[in-house]
2 protein chains.
Amino acid sequence: MTATPRRTQAERREGTIAAIVDAAVAALGEVGYARTTTAEIARRAGVSQGGLFRHFESRLDVIFAAADAVRARQFDDFREGLGALTQFDVAATVRLLRRATRAPINAAWYELLVAARTDAELQARLAPLADRYHREIIEMGRALPIAASMPPDELDTLVIGIVYMLDGEALTASVHVDARQEDARVEQVVRILAGEPAFEGESSAPRQA
Amino acid sequence: MTATPRRTQAERREGTIAAIVDAAVAALGEVGYARTTTAEIARRAGVSQGGLFRHFESRLDVIFAAADAVRARQFDDFREGLGALTQFDVAATVRLLRRATRAPINAAWYELLVAARTDAELQARLAPLADRYHREIIEMGRALPIAASMPPDELDTLVIGIVYMLDGEALTASVHVDARQEDARVEQVVRILAGEPAFEGESSAPRQA
DNA sequence: AGACATAGCGAGTGATCACTCGCTATCTTG
DNA sequence: CAAGATAGCGAGTGATCACTCGCTATGTCT
């Protein structure tokens with residue numbers, strides 16, 4: 001019945017580990033950190049609980065591997081989206097960023113951020129990953145064509161600020177969405193990045209030397 | 001030994017309920033949603049587990065009461081901070097907002113937001129509170145002196161955008177802080193709210209009619 | 001082929017979860 | 001002051017947690 005495909009030990013190992021990590025990422029996104037139990041992960045991965053602990057010493061080790069997978073995948077996905085644009089467009093780029101922050105996989109990242117706040121061990125493991133994430137976002141921003149039109153550190157601050165803003169929007173999205181404001185927000189960001197005032201003032205009397 | 005202060009039933013009830021709600025808020029902030037158990041809340045409130053269930057039908061009811069307490073207290077604190085300013089100052093106001101998002105009590109709100117994403121019951125209870133929170137933030141923004149210098153809906157979008165940005169910053173703070181960027185971010189926000197470009201462009205050639 | 005190593009299994013284990021229940025302590029009402 | 005109501009207690013209860021352990025299944029090495 002069961003045709004055994006004859007895989008090497010390394011292949012079996014690798015495949016099982018990948019299944020467990022994928023399962024953990026999906027579970028974090030779908031049921032949250034607290035309910036991402038070893039039983040839940042094993043069930044989703046099609047592995048027994050004992051089998052899971054053959055490859056990971058603890059639940060935290062699985063979680064950590066999942067966190068790094070999320071970080072890596074988010075960049076792959078975003079760069080893929082950027083590459084699909086026929087030409088650079090600030091509004092489209094901001095919408096890509098929003099799509100990234102709203103992606104199910106990114107919800108897993110938020111779960112980890114929040115859990116890390118009150119879990120010292122997780123915090124210690126996650127901090128280096130978060131630093132790297134932060135660095136990669138900045139690098140990504142500097143690689144954008146718009147980088148030529150403003151000082152690098154001002155761009156860095158703007159890019160991170162925009163990402164933070166979309167993070168806040170994504171977090172609140174589970175209990176409150178305002179589609180009209182979301183569109184308006186993209187337009188404001190576009191104006192800011194274009195070096196224009198953020199709003200169309202009716203009586204814009206510029207003061208301050 | 002124990003001098004009984006002879007309180008009425010209503011006073012006893014009220015006092016116990018307040019202690020439980022306070023304990024829940026503190027627990028959410030200090031140990032997170034998952035570890036804010038009925039035992040933890042009862043211990044902090046100085047009440048037995050059974051005593052807790054005398055006043056609340058379920059853990060979720062306690063959590064809900066805590067959520068509303070957080071929302072109310074955040075506005076009281078913020079308005080108090082605003083009142084303490086000798087005169088209106090955009091930078092100081094943004095820093096007050098940051099202080100609010102970084103306050104321990106606000107961490108409780110983030111815990112609830114994230115938990116609500118994967119908990120349908122909590123989501124249903126929290127959504128009306130979140131709507132109200134959102135509305136009150138907008139009203140607060142419109143009451144600021146700066147409201148006179150730009151169209152109301154543009155201001156709304158900016159204010160919520162800034163709050164979201166500070167939310168994202170606060171969330172990431174447990175694993176990554178960048179004090180220099182945080183200062184720069186306030187300055188950028190001030191420039192944006194003043195109707196100036198967000199950055200000091202070196203070769204600012206304004207295009208677009 | 002036979003000896004050995006690694007992969008995978010699933011029934012435990014003690015701790016902790018939300019919540020219940022029978023009880024006592026305190027207040028209210030006539 | 002007596003009877004009834006409300007407040008508060010803490011030892012259960014079944015479910016679920018991360019993790020262990022003795023076992024079998026499969027791949028590797030000579």
> Quick check for you: to the nearest 0.5 Å, what is the distance between A/Tyr33 atom OH and A/Arg59 atom CZ?
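Here the rounded value is 4.5 Å.
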> Counting only N and O atoms by type, is there a donor-acceptor contact under 3.5 Å from the side chain of A/Glu11 to the main-chain atoms of A/Thr8?
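Pair found, side chain donor or acceptor close to backbone of A/Thr8.
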> Is the side chain of B/Arg142 donor-acceptor paired with the backbone N or O of B/Leu155 at a distance under 3.5 Å, no angle test?
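Here the side-chain-to-backbone pair does not exist.
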> In residues 110-127 of chain B, what residues come within less than 4.0 Å of DNA chain D, judged by heavy atoms?
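Under 4.0 Å from DNA chain D: no residue of residues 110-127 of chain B.
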> To the nearest angstrom, how far is B/Tyr33 atom OH from C/dC17 atom C1'?
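Whole-Å distance recorded here is 13 Å.
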> Got a sec: does the CZ of B/Arg102 have more than 12 other heavy atoms crowding it under 6.0 Å?
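Atom CZ in B/Arg102 is packed in, count exceeds 12.
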> Whole-Å distance between C/dA7 P and A/Ile20 CD1?
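Distance check: A/Ile20 CD1 to C/dA7 P gives 11 Å.
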> For B/Ser58 and A/Leu52, find the nucleotide of DNA chain C closest to each by heavy atoms; which residue's nucleotide sits nearer the 5' end?
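Closer to the 5' end of DNA chain C: A/Leu52.
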> Whole-Å distance between D/dC17 P and A/Arg59 CZ?
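After rounding, the reported distance stands at 10 Å.
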> If the threshold is 4.0 Å, N to carboxylate O, is there a salt bridge linking A/Arg73 and A/Asp22?
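A salt bridge is present here (some side-chain N lies under 4.0 Å from a carboxylate O).
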> Without decimals, in angstroms, what is the distance between A/Gln49 CD and D/dG22 C1'?
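Value for this atom pair: 16 Å.
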> Between protein and nucleotides 2-8 of chain D, map the contacts as a letter string: B base, S sugar-phosphate only, - none, heavy atoms under 4.0 Å, written 5' to 3'.
----BBB
> Expressed as a whole number of angstroms, how long is the span from A/Glu11:CD to C/dT6:C1'?
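Rounding to the nearest Å, CD of A/Glu11 and C1' of C/dT6 are 15 Å apart.
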> Nearest-Å distance, CZ (B/Phe53) to C1' (C/dC21)?
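It is 13 Å, rounded to the nearest whole Å.
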> Report yes or no: does B/Arg98 contribute a side-chain atom to a donor-acceptor pair with the main-chain N or O of B/Glu182 at less than 3.5 Å?
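Checked: pair present.
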> Find the distance B/Ile63:CD1 to C/dA18:C1' and express it as a whole number of Å.
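My rounded result for the distance is 12 Å.
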> Consider only side-chain N and O atoms of A/Gln74 and A/Asn106, and report whether a donor and an acceptor are under 3.5 Å apart.
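Yes - a donor-acceptor pair under 3.5 Å links their side chains.
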> Any side-chain to backbone donor/acceptor pair from B/Arg191 onto B/Ala198? Under 3.5 Å, distance only.
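Side chain of B/Arg191 to backbone of B/Ala198, a donor-acceptor pair under 3.5 Å: yes, one is there.
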> Does B/Gln123 use its side chain to pair, donor to acceptor, with the backbone of A/Ser174 at less than 3.5 Å?
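Yes: the side chain of B/Gln123 pairs with the backbone of A/Ser174.
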> Rounded to whole angstrom units, what separation is found between the CD1 atom of B/Ile41 and the P atom of C/dC17?
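In whole Å, C/dC17 P and B/Ile41 CD1 are 11 Å from each other.
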> When you measure from the side-chain N and O atoms of B/Thr8 to the phosphate of C/dC27, is any distance below 4.0 Å, counting only OP1 and OP2?
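No, no such contact exists.
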